[in-house]
Amino acid sequence: MSFLLGVCLAAVPAPAPQSNADEPRRRWTIFAERIFTGAGRTVDGGMVVVNNGQISLISVSRDDESQSETLKVHAVTAGLVDASARIYSGLESVEQSREIAPDVRVADTLDVFAIEWERELRNGVTTVLITPPDFNVIGGLGVVLKTGGAESIALRTIKPDAVLRGAIGRLPSENNSPIRGRPTDFTARRPTTRMGVEWEWRKAFYDAAASHHDAERAFAGSDRLIAVLKGELPLSIQAWTTQDIRTAVFLKEELEREGLGQPRLFLDAAAEAWREPELLVRSKTPVVLPPFSAAGRVGETNLEDAFMAWNVAKLLTDHGITVALSSHGAEGLENRLAMQAGYAMRGGMSFDEALAAVTINPARILGVDKRVGTIEVGKDADLVLWSGPPFEPSSRVVGVILDGVLAVDPREHE
């Protein structure tokens with residue numbers, strides 16, 4: 001088998017005729033020069049059999065030239081997982097009237113026909129976490145779902161109410177103003193500083209803990225905060241800079257120290273986590289890193305002036321910290337998720353570490369690793385087909401299989 005003709009795609013012996021002629025094919029045999037399973041095994045000259053939306057077989061292949069359909073690609077990986085994809089419906093995804101909104105579900109605001117889904121899918125991203133925009137201190141509940149398939153957010157969902165999302169830093173307080181005289185709108189409110197944002201976080205958790213023992217003190221979403229304290233609902237906090245990362249970790253440790261609970265925290269956009277990695281090691285806090293920047297300076301809407309060097313992902317990984325990479329929903333080709341893995345390799349990550357950072361690591365952080373993140377028998381048939389070695393500058397995603405359906409056809413690139 002030649003290097004360029006690395007993958008052949010062929011139909012398995014045809015099943016019984018389908019009742020619906022429009023039903024997409026969900027049975028495939030994929031022959032690949034290299035199959036990167038992400039589960040501690042790389043298969044050279046192997047095949048993956050997909051049947052009815054799941055992976056049914058992974059083995060060394062026997063190339064069969066009699067197959068009726070062939071596709072000229074090089075390698076196969078599991079579908080990419082982005083734990084901070086940031087596909088919103090503008091301010092419709094934000095509860096603007098209050099800063100603490102743990103009861104809001106971003107899933108109720110999403111547009112299944114938004115062009116961003118197709119963009120993610122064509123770049124190999126098959127599973128994403130979508131959370132409310134970080135304009136509030138606590139924005140609400142995120143959802144894990146597939147980037148394609150059914151024309152319904154509910155049918156694409158694989159984990160509803162997956163995380164409680166909030167932010168620490170300048171962004172939650174940026175549009176608020178001090179109250180002087182009679183307020184003219186609801187943005188004349190606190191917090192107006194980083195200190196105020198921290199106060200809102202602490203007050204929300206302490207009030208929720210009190211409501212657990214006194215029902216009259218319950219408020220909208222207090223049950224969600226209690227679920228976070230019990231460790232039943234993961235907590236995702238956006239924190240770019242060192243001071244905000246400290247605040248998030250110290251908050252978690254304070255709640256534990258005071259006996260209020262055991263939150264399962266992970267940090268998003270933790271660009272400066274490299275400055276004090278021992279904080280994350282001590283608190284067992286995973287991180288989702290933002291897109292790399294050529295200049296090293298990163299930060300949402302230029303509010304958070306954080307520095308992230310090329311070797312940040314490698315440094316954190318070497319400390320035993322679970323690291324996931326994210327595109328943050330970027331539109332530019334240079335910031336897509338597959339490119340982030342390549343940048344991380346430039347910064348010292350091995351291929352296996354980079355692959356894990358865009359597949360199984362985010363899947364584990366989100367609690368969906370039993371379904372996605374690796375190529376294993378019984379898992380969802382979410383696969384990415386590559387024209388060359390994954391994450392190399394000269395390679396590209398040429399095909400995507402989502403839930404066993406050929407969502408992006410490699411033959412378009414021939």
Applying side chain to side chain contact (heavy atoms under 4.5 Å, CB included), name anything that partners V368, two or more places apart in sequence or on another chain.
V144, I158, K159, A363, L366, V372

Check whether any side-chain heavy atom of L129 lies under 4.5 Å from a side-chain heavy atom of V143, and answer yes or no.
no

Who pairs with E254 by side chain to side chain donor-acceptor pair (under 3.5 Å), at least two apart in sequence or on another chain?
R202, Y206

Does E99 have any salt bridge (charged side-chain N to carboxylate O under 4.0 Å, His left out) partners at least two apart in sequence or in another chain, and if so, which?
R189

Heavy-atom distance under 4.5 Å between the side chains of V43 and R34, does that happen here?
no

Mind checking what makes salt bridge (charged side-chain N to carboxylate O under 4.0 Å, His left out) contact with R224, not counting sequence neighbours?
D161

Please check if atom CD in E278 has more than 12 non-hydrogen atoms from other residues, nucleotides or ligands closer than 6.0 Å.
yes

Find out whether I55 and V49 are in side-chain contact, i.e. whether some heavy atom of one side chain is under 4.5 Å from a heavy atom of the other.
no

Decide yes or no for L355 and F36: does some side-chain heavy atom of the first lie under 4.5 Å from some side-chain heavy atom of the second?
yes

Taking only Lys NZ, Arg NE, NH1 and NH2, and the carboxylate oxygens of Asp or Glu, determine whether D268 and R165 approach each other closer than 4.0 Å.
yes

E331 side chain near I115 side chain, heavy-atom distance below 4.5 Å:
no

Run the ring-centre check on Y343 versus F391 and record whether the distance is less than 6.0 Å.
no

Do R156 and W117 meet the cation-pi criteria used here (NZ or CZ under 6.0 Å from the six-membered ring centre, within 45° of the axis)?
yes

Tell me, please, which residues at least two apart from A324 pass side chain to side chain contact (heavy atoms under 4.5 Å, CB included).
V288, P362, I365

Applying side chain to side chain donor-acceptor pair (under 3.5 Å), can you list everything that pairs with T285, at least two apart in sequence or on another chain?
S283

T109 side chain to R105 main-chain N or O, any donor-acceptor pair under 3.5 Å?
no

Salt bridge (charged side-chain N to carboxylate O under 4.0 Å, His left out) partners for E334, two or more places apart
none

Considering residues at least two apart in sequence or located in another chain, which fulfil the side chain to side chain donor-acceptor pair (under 3.5 Å) criterion with D82?
S326, S327

Does any part of the side chain of E353, heavy atoms only, come nearer than 4.5 Å to the side chain of K314, both counted from C-beta?
yes

Apply salt bridge (charged side-chain N to carboxylate O under 4.0 Å, His left out) to D223 and list each qualifying residue two or more places apart in sequence or on a separate chain.
none

Around atom CD of E92, are there more than 12 heavy atoms from other residues, nucleotides or ligands closer than 6.0 Å?
no

State, without any angle test, whether S387 and R396 hold a side-chain donor-acceptor pair at a distance under 3.5 Å.
no

T42: what forms a side chain to side chain donor-acceptor pair (under 3.5 Å) with it, not counting sequence neighbours?
none

Tell me every residue that passes side chain to side chain contact (heavy atoms under 4.5 Å, CB included) with T374, counting only those two or more places apart in sequence or in another chain.
A39, I360, E376, K379

Using the side chain to side chain contact (heavy atoms under 4.5 Å, CB included) criterion, which residues pair with P291? Sequence neighbours excluded.
H328, N335, Q340

